[in-house]
Amino acid sequence: KGQDRCLVVWPREELDAYAAALRASAQANARVRAMTRVFFSSAYAESLDRQGRLTIPPVLRDYASLDRELTVVGADNRIEIWAADAWETYLSQHEADFAELDQDGGVVLP
């Protein structure tokens, strides 16, 4: 599961690095424990079939409201899978802020 009701597909090396960072986080923090539980409990190891397709388990399809129309988004070190209408809504809400994110050649963080 990804944030914003999308699904995340990680290359194995990136997933391992992210998992290590989660394990190294302060497990005494309730938010870290919650994130760790949700992240690992919803992870599935899937492989492409002979036709190059990826099977998405029903529980994840339900989480992301995936039906027939999907949008696949490259997001740095991972791929996100969105319901097409959810992606369009997300993009329309955040695209206007895009120009402000890279002011003066450096990303402006909140």
Side-chain angles (χ1 to χ4, degrees):
K1 292 179 181 177
Q3 284 78 18
D4 303 309
R5 303 298 265 191
C6 70
L7 301 180
V8 179
V9 179
W10 298 82
R12 186 62 195 210
E13 314 78 53
E14 294 293 338
L15 175 64
D16 290 344
Y18 189 76
L22 276 177
R23 282 192 297 276
S25 299
Q27 293 296 316
N29 182 312
R31 293 180 72 185
V32 171
R33 289 193 311 274
M35 174 63 183
T36 301
R37 288 180 188 124
V38 171
F39 181 76
F40 287 109
S41 69
S42 63
Y44 290 83
E46 296 291 334
S47 298
L48 299 176
D49 69 10
R50 286 190 229 176
Q51 295 179 341
R53 298 174 300 187
L54 180 68
T55 301
I56 300 173
V59 67
L60 295 180
R61 286 196 311 262
D62 290 344
Y63 169 78
S65 300
L66 300 180
D67 194 16
R68 309 258 323 139
E69 298 294 321
L70 307 177
T71 300
V72 177
V73 177
D76 187 30
N77 60 350
R78 64 193 180 282
I79 295 170
E80 295 179 347
I81 301 172
W82 292 74
D85 57 344
W87 172 250
E88 289 302 323
T89 299
Y90 181 86
L91 194 57
S92 70
Q93 292 172 347
H94 297 281
E95 196 165 31
D97 300 329
F98 177 71
E100 296 175 22
L101 293 175
D102 194 20
Q103 293 175 352
D104 301 322
V107 174
V108 177
L109 299 175

Spacing of D16 atom CG and R23 atom CZ [to the nearest 0.5 Å]: 7.5 Å
Spacing of E88 atom CD and E95 atom CD [to the nearest 0.5 Å]: 9.0 Å
Joint hydrophobic cluster, L48 plus W10, side-chain heavy atoms closer than 4.5 Å: no
Trace of the side-chain contact (heavy atoms from CB on, under 4.5 Å) decision for L91 with T71: CA-CA 11 Å; L91 194 57; T71 300; over 6 Å; no
OH-CZ distance between Y90 and R5, expressed to the nearest 0.5 angstrom: 15.0 Å
Closest non-hydrogen atom pair between A83 and S65, with its separation: CB-O, 3.4 Å
E69, CD atom: more than 12 neighbouring heavy atoms under 6.0 Å: no
Anything under 3.5 Å between a donor and an acceptor, one on a side chain of residues 28-45, the other on a protein residue two or more places apart or in another chain? List them.
{"residue": "N29", "atom": "OD1", "partner": "R31", "partner atom": "N", "Å": "2.7"}
{"residue": "N29", "atom": "OD1", "partner": "V32", "partner atom": "N", "Å": "3.3"}
{"residue": "R33", "atom": "NH1", "partner": "Q27", "partner atom": "O", "Å": "3.0"}
{"residue": "R33", "atom": "NH1", "partner": "A28", "partner atom": "O", "Å": "2.9"}
{"residue": "T36", "atom": "OG1", "partner": "V32", "partner atom": "O", "Å": "2.8"}
{"residue": "S41", "atom": "OG", "partner": "R37", "partner atom": "O", "Å": "2.8"}
{"residue": "S41", "atom": "OG", "partner": "V38", "partner atom": "O", "Å": "3.3"}
{"residue": "S42", "atom": "OG", "partner": "K1", "partner atom": "N", "Å": "3.4"}
{"residue": "S42", "atom": "OG", "partner": "V38", "partner atom": "O", "Å": "2.8"}
{"residue": "S42", "atom": "OG", "partner": "F39", "partner atom": "O", "Å": "3.3"}

In one Ile/Leu/Val/Met/Phe/Trp/Tyr side-chain cluster, 4.5 Å: L70, I79: yes
Side-chain donor or acceptor of D4 paired with backbone N/O of C6 under 3.5 Å: no
Nearest atoms (heavy-atom pairs only) where V8 meets R78: CG1-CD, 3.4 Å
Same apolar cluster: V9 and W82, side chain cutoff 4.5 Å: no
Note, L60 side chain near I81 side chain (heavy atom, < 4.5 Å): no
Single-linkage hydrophobic cluster Y63~V72, side-chain heavy atoms < 4.5 angstrom: yes
